[in-house]
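For the numbers below, each heavy atom of this structure counts, side chains included, while hydrogens, waters and symmetry mates do not.
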Amino acid sequence: MNQEQLNRMHFASGFIAALDQSGGSTPKALRLYGIEEDQYEGEEAMFDLIHQMRTRIITSPAFTSEHILAAILFEMTMDRQIEGQYTADYLWEKKGILPILKVDKGLAQVVNGVQLMKPIPNLKELLERAQDRHIFGTKMRSVIKEANPAGIHAIVAQQFEIGLEIAKAGFVPILEPEVDITIADKEKCELLLKAEIQQHLAKLTEDVRLMFKLSIPTVDGFYSDLMEDPHVVRVVALSGGYSRKEANEKLARNPGLIASFSRALTEGLKAQQTDEEFNTLLKSSIQSIYDASVQ
């Protein structure tokens, strides 16, 4: 673990840019960017286009370490290059931004009101590649759909089990048990979720460091006590389907909670925009998310 990078993630001001759209979510991300599915043919062309979009964002003069602590990357992005450097090296060496890798393989079917992660059969090999690519941390997502104690117990247990394996390999894992923002019993889910997280944190050895990526809570400041735990480097928030404006407003009411936004970050960016238009909008988006993160 790189101590300089760990200190930056723990203490510095800023937020995390989530640029980790995977195969299933890439067509939607491209549509929002102004590229329809009839404009490309096949996965290879699709992934080329999404890498062009990510490259445009990362190389933008608006995308700087002044506001952005880290960027979450899709596995294929880790293995691609930006201006002759592997993406993670470009982020850290050129921009001073920490590279984080999405490691999950998507969601299983709903059982007991939650979607666990699908198995990650190649995790050991993926982590070895991530070390070679100079990745700082990882991220993995599962989803809570209802306040089912057995399901929430299972989802937190899975996140910690895999997270500890990742931590032992020298990375800072981000555990992401997302609570669906559309459900009626969201607040009850959050109560169950935090209790489970606290039980697992209490069992950790002193040397373990991890992060959480959580839905913005219904009750303002609800996760403040998690931020005080000595094992927790940072607690970050996903936008969860909120617009950037709404996500920022909710985030700003939660001191210490910082953004890890994806759609809310790229909202309004289009392939057809001139570089000036693109960079101006991105700068405005980044500034608004930063302001909500450092309240």
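Inter-residue side-chain proximity for Leu265 and Ile289 is flagged as met; some heavy-atom pair is nearer than 4.5 Å. Counting heavy atoms from C-beta outward, Asp48 and Glu44 have side chains that approach closer than 4.5 Å. The closest side-chain heavy-atom distance from Leu257 to Leu251 is below 4.5 Å. Using a 4.5 Å heavy-atom threshold, the side chains of Asp275 and Arg56 count as touching. A 4.5 Å side-chain heavy-atom check between Tyr40 and Leu30 finds at least one atom pair inside the cut-off. A 4.5 Å side-chain heavy-atom check between Ile286 and Phe15 finds at least one atom pair inside the cut-off. For the pair Ile258/Leu69, a side-chain contact is recorded, criterion being any heavy-atom separation below 4.5 Å from C-beta on. Here the side chains of Asp229 and Leu204 are not in contact, with every heavy-atom distance at 4.5 Å or above.
Remark: aromatic rings of Phe74 and Phe47 are close, center separation under 6.0 Å.
Note on residues 231-245: pairs passing salt bridge (Lys or Arg N to Asp or Glu O under 4.0 Å), not counting sequence neighbours, are Lys245-Glu249. Listed by first and then second residue, the side-chain hydrogen bond (donor to acceptor under 3.5 Å, both in side chains) pairs that reach into residues 108-126 are Lys124-Glu128, sequence neighbours excluded.
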- Query: Going through the checks in order, is the side-chain contact (heavy atoms from CB on, under 4.5 Å) test met by Val232 and Met211?
  - Reply: CA-CA 5 Å; Val232 178; Met211 298 173 58; 5.9 Å; no

- Task: Apply side chain to side chain donor-acceptor pair (under 3.5 Å) to the pair Gln158 and Ser142, showing each step before the final yes or no.
- Result: CA-CA 9 Å; Gln158 184 192 45; Ser142 41; 4.8 Å; no

- Item | Evaluation steps, side chain to side chain donor-acceptor pair (under 3.5 Å), between Gln198 and Asp225 | CA-CA 9 Å; Gln198 288 172 324; Asp225 47 352; 3.2 Å; yes

Would you tabulate the side-chain donor-acceptor contacts of residues 87-100 under 3.5 Å, counting partners in other chains and residues two or more places apart, or write 'none'?
residue: Thr87; atom: OG1; partner: Thr77; partner atom: O; Å: 2.8
residue: Thr87; atom: OG1; partner: Arg80; partner atom: O; Å: 3.0
residue: Asp89; atom: OD1; partner: His134; partner atom: ND1; Å: 2.7
residue: Glu93; atom: OE1; partner: Gln85; partner atom: NE2; Å: 2.8
residue: Lys95; atom: NZ; partner: Ile58; partner atom: O; Å: 3.1
residue: Lys95; atom: NZ; partner: Ser60; partner atom: O; Å: 2.9
residue: Lys95; atom: NZ; partner: Phe63; partner atom: O; Å: 2.9

For residues 163-179, run the donor-acceptor check on the side chains, cut-off 3.5 Å, and write out each pair with its distance to 0.1 Å, sequence neighbours left out.
residue: Glu176; atom: OE1; partner: Lys139; partner atom: NZ; Å: 3.0
residue: Glu178; atom: OE1; partner: Arg141; partner atom: NE; Å: 2.6
residue: Glu178; atom: OE1; partner: Arg141; partner atom: NH2; Å: 3.2

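Thr218 contributes atom OG1, which lies 8.5 Å from atom CZ of Phe222 (distance to the nearest 0.5 angstrom). Rounding to the nearest 0.5 angstrom, the gap separating the CG atom in Leu226 from the NE2 atom in His231 is 12.5 Å. Distance CG/Leu101 to CG/Leu73: 7.0 Å, rounded to 0.5 Å.
Although no hydrogens or angles enter the test, the distance criterion places no donor-acceptor pair under 3.5 Å between the side chain of Ser260 and the main chain of Leu238. Proximity of a side-chain donor or acceptor of Asp104 to a complementary backbone N or O of Met117 within less than 3.5 Å is not detected. Ser243 contributes a side-chain N or O that, together with a main-chain N or O of Glu246, makes up a donor-acceptor pair within less than 3.5 Å.
At a threshold of 4.0 Å, the pair Lys186-Asp180 does not count as salt-bridged, since none of the basic side-chain nitrogens sits closer than that to a carboxylate oxygen. Look at Asp220 and Arg253 and you find a salt bridge, because one of the NZ, NE, NH1 or NH2 atoms lies within 4.0 Å of a carboxylate O, short of that distance.
Using cut-offs of 30° and 60° on the angle between ring planes, the pair His67 and Tyr290 is perpendicular.
Applying the side-chain hydrogen bond (donor to acceptor under 3.5 Å, both in side chains) test to His153 and every residue at least two apart in sequence or in another chain returns Glu196. Qualifying side chain to side chain contact (heavy atoms under 4.5 Å, CB included) partners for Asp38, counting only residues two or more places apart in sequence or in other chains: Glu36.
For the pairing with Asn7, the side-chain hydrogen bond (donor to acceptor under 3.5 Å, both in side chains) check across Gln3, Glu4, Gln5 returns one residue only, Gln3.
Cation-pi contact between Lys250 and Tyr242: present, with separation from the ring centre below 6.0 Å and deviation from the ring axis of at most 45°.
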